[in-house]
Participant: 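Sharing a structure here in structure tokens format.
Here is the naming used below: chain letters follow the sequence lines, and residue numbers restart at 1 for every chain.
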Amino acid sequence: DIMYSCIITVMAKSGRWSEALLLLEQAHQDGIAPNKYCYTAAVNACAKGRKSRLAIALLQEMRVKGLRPDHVTYGSAITAMAKSGEWERALDLLREMAEEGLEPNVVCFGAAVDACAKGGQWRKAVSLLEEMREAGVEPDRICYNTAVNACAQSGQWEIALSITDKMHCAGEKAPRPDAFTLNSVMYAMAYVGEWERLLGMLHGMHDVGVVPDVVSYNTAMRACNKAQQYNRALSTFETMLQAGVFPD
RNA sequence: AUCCAGAGUUUUUACA
């Protein structure tokens with residue numbers, strides 16, 4: 001079983017999700033009853049392969065075999081919904097696990113926020129942050145970043161920025177914005193053609209203790225190119241190299 | 001004592 005779980009995991013992680021799922025079938029044919037870990041790894045393979053329907057089916061199959069999906073299984077399943085843009089199903093799973101007495105943890109909520117992001121539901125993504133707090137789960141940096149990204153993907157740069165500002169001003173223990181956060185905000189600015197504002201933010205990153213990375217510069221250059229500011233794009237590229245950041 | 005097979009976030013990339 002450990003063998004199967006390991007191999008399924010490796011295959012899922014290396015993008016060979018279809019082989020991972022075939023392997024689960026193989027286990028059955030060999031007369032081996034896959035355990036919870038195998039199923040969870042397979043559900044995660046569904047996420048990679050955007051097979052939301054199959055992920056739900058696997059959850060059901062587990063229960064039929066007397067296996068109880070746990071937080072990790074649900075986290076993977078919600079991720080599978082997220083990758084397929086099925087935000088409603090993701091929220092259904094959140095409710096479902098709570099009904100089974102499994103209180104969603106920070107990862108499950110985080111995955112659900114991402115599902116809303118991928119589904120274009122930025123308002124829901126933001127309100128989920130509040131819902132999780134009410135459920136006694138404090139959003140971590142990833143949850144905030146994901147909500148900021150939800151706004152960004154819809155071009156809501158002002159909302160994205162306001163959440164980021166709140167992160168800056170929150171208590172000492174609260175999560176600080178990082179490159180993921182600011183890159184998402186810049187993406188939002190690029191999206192709506194606010195390239196000047198974006199460059200201002202890029203150059204102000206150091207002041208808030210965040211080092212721009214390849215994604216930061218790449219996002220900035222795309223914004224410049226989109227606005228036909230080719231000279232700006234070029235100088236951004238040069239700035240990047242001078243900062244010791246190199247393209248992959 | 002701690003770790004010891006399985007989950008969540010940014011640009012580009014797939015089906016279009």
Participant: Indicate, yes or no, whether a donor-acceptor pair under 3.5 Å links the base of B:rG6 to the side chain of A:T73.
Facilitator: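 Per atom types, the contact qualifies.
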Participant: Pick the closest RNA chain B nucleotide for A:S184 and for A:R50 by heavy atoms, then say which residue is nearer the 5' end.
Facilitator: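 The residue closer to the strand's 5' end, by nearest nucleotide, is A:S184.
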Participant: Using a strict 4.0 Å threshold on nitrogen-to-oxygen distance, state whether A:K173 and A:E138 make a salt bridge.
Facilitator: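 Salt bridge absent between A:K173 and A:E138.
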Participant: Does A:N218 have a side-chain nitrogen or oxygen under 4.0 Å from the phosphate oxygens OP1 or OP2 of B:rU12?
Facilitator: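 No, A:N218 has no side-chain N/O under 4.0 Å of OP1/OP2 on B:rU12.
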Participant: What is the separation between atom CG on A:L21 and atom C1' on B:rG6, rounded to the nearest whole Å?
Facilitator: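 Between C1' of B:rG6 and CG of A:L21: 14 Å.
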Participant: Of all the choices, B:rA5, B:rU9, B:rA7, which nucleotide is nearest to the side chain of A:T146 once you look at every atom?
Facilitator: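 The closest nucleotide is B:rU9.
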Participant: Would you tell me whether A:N149 and A:T146 have side-chain atoms, one donor and one acceptor, within less than 3.5 Å of each other?
Facilitator: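 No - no donor-acceptor pair under 3.5 Å links their side chains.
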Participant: Check the distance between B:rG8's C1' and A:W87's CH2 and give it to me in whole angstrom.
Facilitator: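 Result: 19 Å.
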Participant: Just checking A:D70: base, sugar-phosphate only, or nothing, at a heavy-atom cut-off of under 4.0 Å?
Facilitator: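 Answer is base: heavy atoms of A:D70 come under 4.0 Å of a base.
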Participant: May I ask you to evaluate whether A:Q153 reaches the phosphate of B:rU10, defined as a side-chain N or O under 4.0 Å from OP1 or OP2?
Facilitator: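 Looking at the OP1 and OP2 atoms of B:rU10, neither is under 4.0 Å from any side-chain N or O of A:Q153.
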Participant: Nearest to the A:V215 side chain among B:rA7, B:rU10, B:rA14, which nucleotide is it?
Facilitator: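 Nucleotide nearest to A:V215's side chain: B:rU10.
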Participant: Assess whether a salt bridge exists between A:E131 and A:K124, defined as any Lys/Arg side-chain N lying under 4.0 Å from an Asp/Glu carboxylate O.
Facilitator: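 So A:E131 pairs with A:K124 through a salt bridge.
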Participant: Please state whether the phosphate of B:rU13, meaning OP1 or OP2, lies under 4.0 angstrom from any side-chain nitrogen or oxygen of A:K48.
Facilitator: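 Checking B:rU13 against A:K48, no side-chain N or O comes under 4.0 Å of OP1 or OP2.
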Participant: Heavy atoms from C-beta onward define the side chain here; which of B:rU11, B:rA7, B:rU10 lies closest to that of A:T219?
Facilitator: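 The nucleotide sitting nearest to the side chain is B:rU11.
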Participant: Under a 3.5 Å threshold, yes or no: a donor from one side chain and an acceptor from the other, between A:N183 and A:D213?
Facilitator: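 Note: A:N183 and A:D213 side chains meet the donor-acceptor criterion.
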Participant: Closest approach to the side chain of A:T79, judged atom by atom: which nucleotide of B:rG6, B:rU9, B:rA7 is it?
Facilitator: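 In terms of side-chain proximity for A:T79, the closest of B:rG6, B:rU9, B:rA7 is B:rA7.
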Participant: Counting side-chain heavy atoms from CB outward, which of B:rG6, B:rU10, B:rA7 is closest to A:V107?
Facilitator: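 Nearest listed nucleotide: B:rA7.
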Participant: Take the protein atom OH of A:Y187 and the nucleotide atom P of B:rU13, then report the distance between them rounded to whole Å.
Facilitator: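 Taking atom P of B:rU13 as the reference, OH of A:Y187 is at 9 Å.
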Participant: Using a heavy-atom cut-off of under 4.0 Å over every strand shown, decide if A:T181 touches base, sugar-phosphate, or nothing.
Facilitator: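 Nothing, no heavy atom under 4.0 Å.
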Participant: Side-chain N or O of A:K51 versus OP1/OP2 of B:rA14: is the shortest distance under 4.0 Å?
Facilitator: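 False: A:K51 side-chain N/O out of range (4.0 Å or more) of B:rA14 OP1/OP2.
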Participant: Rounded to the nearest angstrom, tell me the gap between atom CD1 in A:I142 and atom C1' in B:rG8.
Facilitator: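 Rounding to the nearest Å, CD1 of A:I142 and C1' of B:rG8 are 6 Å apart.
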Participant: Using a heavy-atom cut-off of under 4.0 Å over every strand shown, decide if A:V113 touches base, sugar-phosphate, or nothing.
Facilitator: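 No contact at all - A:V113 keeps every heavy atom at 4.0 Å or more from the nucleic acid.
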Participant: Which part of the nucleic acid, if any, lies within reach of A:D213 when heavy atoms closer than 4.0 Å are counted: base, sugar-phosphate only, or nothing?
Facilitator: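 Nothing, no heavy atom under 4.0 Å.
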Participant: Report the distance from atom CG of A:D178 to atom P of B:rG8, rounded to the nearest whole Å.
Facilitator: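 To the nearest whole Å, that distance equals 16 Å.
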Participant: What's the CE-P distance between A:M62 and B:rA7, to the nearest Å?
Facilitator: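 Atom-to-atom, A:M62 to B:rA7, this comes out as 14 Å.
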Participant: So, are A:R95 and A:D92 salt-bridged, with charged N and O less than 4.0 Å apart?
Facilitator: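 Here A:R95 pairs with A:D92 in a salt bridge, since their nearest N and O are under 4.0 Å apart.
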Participant: Could you tell me whether A:N105 contacts a base, only the sugar-phosphate backbone, or nothing, with contacts defined as non-hydrogen atoms closer than 4.0 Å?
Facilitator: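 Answer is base: heavy atoms of A:N105 come under 4.0 Å of a base.
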Participant: Expressed as a whole number of angstroms, how long is the span from A:N35:CG to B:rG6:C1'?
Facilitator: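 Interatomic distance, CG of A:N35 to C1' of B:rG6: 9 Å.
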Participant: Which of these nucleotides, B:rG8, B:rU9, B:rA7, is closest to any side-chain atom of A:D140?
Facilitator: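 Within the option list, the nearest is B:rG8.
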Participant: First locate atom CG of A:D140, then atom CE of A:M132, and finally report the distance between them rounded to the nearest 0.5 Å.
Facilitator: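 Here the interatomic distance stands at 6.5 Å.
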Participant: Taking CE from A:M186 and C1' from B:rU12, how many angstroms apart are they, rounded to a whole number?
Facilitator: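 Interatomic distance, CE of A:M186 to C1' of B:rU12: 15 Å.
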